[in-house]
Amino acid sequence: MKEARVLYWFRTDLRLHDSPALQAALDLKPAVLYPIFTFDPHYVYHSKGSGNRWQFLLDCQNDLSASITKLNPKSKLFVLREAPQTLLPKIFKAWRITHLVFERDTDSYARDRDRVVSSLARDAGVETVTRYGRTLWDSDAVVAKHGGKPTMSITQLQAAGKKVGAIPRPIPAPTSLPDPGETPIDFEQELPDADPDLNAPVREGEFKPFKTGIAGPHGDFRPEVLEELGFPPATTPHRGGETIALKMLDDIIADEEYTAKFQKPKTSPAAFEPQSTTLLSPHHHFGSLSPRLFYWRVQDLISRFKGSASAPPESLTGQLLFRDMYFAAQAAIGSPFTQTYNNPYCRFIPWHLPSHVESGTETGANAISGQYHIDSPQAERWFQRWKAGLTGFPWIDALMRQLKHDGWIHHLGRHSVACFLTRGGCYVHWERGADVFEEWLLDHEPACNAGNWQWLSCTAFFSQYFRCYSPIAFGQKWDKEGLFVRRWVPELKDLDAKYIYEPWKAPRSALDKAGVRIEGDGGLGSGGSGIGKREEGTYPEPMIDFNERRKVCLDAMKTAYQVGINGDDERVKNGTWRELFEAAGQGEMQEEDHAFSDADVDHADDAEHVSHKRKVPVKKEGPMDRHFKKIKKEE
DNA sequence: TTCGCTGTTGGTATT
DNA sequence: AAATACCAACAGCGA
């Protein structure tokens, strides 16, 4: 039998513990095994990032590489700088690969990419071996057991999961790894198409990685350093890597009371240093911690715990079930899951700032360009102030500033700011908020992000829209003294606790004592330039009358629920939805659109709000797009 | 078909 | 401090 020369392709499974795919690779008893990571230009140019998230990824790569070397001093993580769709065929040949092994992924870009890559492998006579390991259960298997439908509640997920079978026990990390072979790269590097570059507005320095050759600046396949990426320096204290993740898990499990009695709704969104939840979500995203390892560590503790343990959905294991629920929903719905348009399970609501929809896109493919229509200049100002943490509501602003700086906020904090932006204040489209979270969250996961925004905006998963988070009372409930606000909104750090959540109500004497004036709009009022350039010693006035807006939003939500159409409705696509909403009576609506015209979009660019603008990646044809089409035709 | 129950995590006023 | 009623009332599920 021919000896196996295995290319093990690490992607969102940057770990050695509990990796079903890595196990499958080792089961091939390979003569050589190359652990590789392809530095995919898609993620550099076509999906939004931040210095914080890049740092986390590089942490994971460096840690993994060190762990590999510990098992075999000849080996390491080989970081290859080129798109896998163009690179892998050349590597197959140059490194005489017989097997390509990787962990399957479920988001729509990954599925498309993997279909392309598997086909290229077949052409090259390379056998592709995949395993699934991103969630507790294989998401496709969950969908199959749920009648091919998306799991829209936690009970549905639990029922379907039960039918799939027991959650697999974690697989131990390997104790040895085969040598890698020679690594000739005497072929041409295909440079990625840098246009459109969604991150250009955020990037500060020159972007170098693809100019340094496939093996990097030192020719040794090392991961990049953050400076080479040109993003602003990371500001987050949260760091990546499997070693850190396993240590964090150990520390959590060691606190038996905390682990066994964990109730998510009772953990405080205002807690900081330390936070009240585990901070493990970014590790699940990058794969530096397996959800099954986490699950079984908790479950084994609970089964020997003396006392009353909490149970799903509130418990720690319940949190993992929600993650599985969103993954399985995405697996069933496909690419429309991350948007309203074409999504049969997402209620249509005529929010402000709707996404620009590519005309003539009738397939299930992603039709949202990332650009949006400014139907209401006021809503645009509210959105920009929300993003900048200058709404004039200290609780909201503290959360948004923590989000930008740390790349993480507590789940209930996400509820607060999401409700405020959408159905409980600004009536801005949930897709705008999801865009911001996508850019800033370390733990950004397409399925969970879209699912949670749909939940909070009452467009799917959740529907009790009259349960509305107060930007004042909700924070007060957790943090009477306003310590969290003082930490993130230093303008107010000396203000009496009595007014910390409502500084506009403070008397002159209290404000003088705290050395702050409540005035202005945070410097975003005229044209949007000068974020954060508000006058020294001031904090903005509240941008909305919350109680008034709450009523307006409730009315509008009621109307939308009466109309009751979803994103795949013909009337959503052809624009006749407007008549339905007019007939249904009161409720805020998008202003009439000469919408969806380029002129509007350009206007937004003039206002320097470019960071949320995307050109259309799917429209631009690169080499791999052509290949993808070819494969589609074959099927 | 209708009914009643449940759904991870609300706000406010009152006791 | 904590429990309760009320707000105004959705969607999915199972009986």
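The chains referred to below are lettered A, B, ... by the order of the sequence lines, with proteins before strands, and numbering in each begins at 1.
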Which of the following nucleotides, [options], is nearest to the side chain of [X]?
X: A:A473; options: B:dT8, B:dT12, C:dC10; answer: B:dT12
X: A:K558; options: B:dG7, B:dT8, C:dA9; answer: C:dA9
X: A:S470; options: B:dG11, B:dT9, C:dA8; answer: B:dG11
X: A:H415; options: C:dA9, B:dG10, B:dT9; answer: B:dT9
X: A:R550; options: B:dT9, C:dA9, B:dG10; answer: B:dG10

Any side-chain N or O of A:R467 under 4.0 Å from OP1/OP2 of B:dT9?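 A:R467 to B:dT9 OP1/OP2: side-chain N or O found under 4.0 Å.
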Students often get this wrong, so: under 4.0 angstrom with heavy atoms, is [X] touching a base, only sugar-phosphate, or nothing?
X: A:F474; value: sugar-phosphate
X: A:W478; value: nothing
X: A:L554; value: nothing

Going through the distances and angles, do A:H285 and A:D443 end up as a side chain to side chain donor-acceptor pair (under 3.5 Å)? CA-CA 6 Å; A:H285 170 68; A:D443 58 24; over 6 Å; no
Considering only the [atom1] atoms, how many Å lie between [N] and [M], rounded to the nearest integer?
N: B:dT1; M: C:dA15; atom1: C1'; value: 12 Å
N: B:dC5; M: C:dA5; atom1: P; value: 16 Å
N: B:dT8; M: C:dC7; atom1: P; value: 25 Å
N: B:dG11; M: C:dA11; atom1: P; value: 22 Å
N: B:dT9; M: C:dC13; atom1: C1'; value: 22 Å

Quickly work out the [X] [atom1] to [N] [atom2] distance and round it to whole Å.
X: A:K551; N: B:dG11; atom1: NZ; atom2: C1'; value: 13 Å
X: A:L456; N: B:dG7; atom1: CG; atom2: P; value: 19 Å
X: A:F420; N: B:dG10; atom1: CZ; atom2: P; value: 19 Å
X: A:F546; N: B:dG11; atom1: CZ; atom2: P; value: 8 Å
X: A:Q476; N: B:dA13; atom1: CD; atom2: P; value: 12 Å
X: A:W455; N: C:dC10; atom1: CH2; atom2: C1'; value: 13 Å

Counting only Watson-Crick or G-U wobble pairs whose two distances fall under 3.5 Å, which nucleotide matches C:dC6? B:dG11
Is A:F466 stacked on the base of C:dC7, with ring centres under 5.5 Å apart and planes under 30° apart?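 Check failed, A:F466 does not stack on base of C:dC7.
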Tell me whether A:K551 is salt-bridged to A:D555, with the criterion being a basic N under 4.0 Å from an acidic carboxylate O. no
Side-chain ion pair, A:D494 and A:K513, N-O less than 4.0 Å: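 Salt bridge absent between A:D494 and A:K513.
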Distance from A:K493 atom NZ to A:R487 atom CZ, nearest 0.5 Å?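 A:K493 atom NZ to A:R487 atom CZ measures 13.0 Å (nearest 0.5 Å).
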Residues A:S355 and A:R432: side-chain donor-acceptor under 3.5 angstrom: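 Yes.
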Distances under 3.5 Å between protein N/O atoms and the N/O atoms of nucleotides 2-4 of chain C, please, pair by pair.
none

Which protein N or O atoms sit under 3.5 Å from an N or O of nucleotides 11-15 of chain C?
unit_1, atom_1, unit_2, atom_2, d
C:dA11, OP1, A:R347, NH2, 2.5
C:dC13, OP1, A:Q156, NE2, 2.4

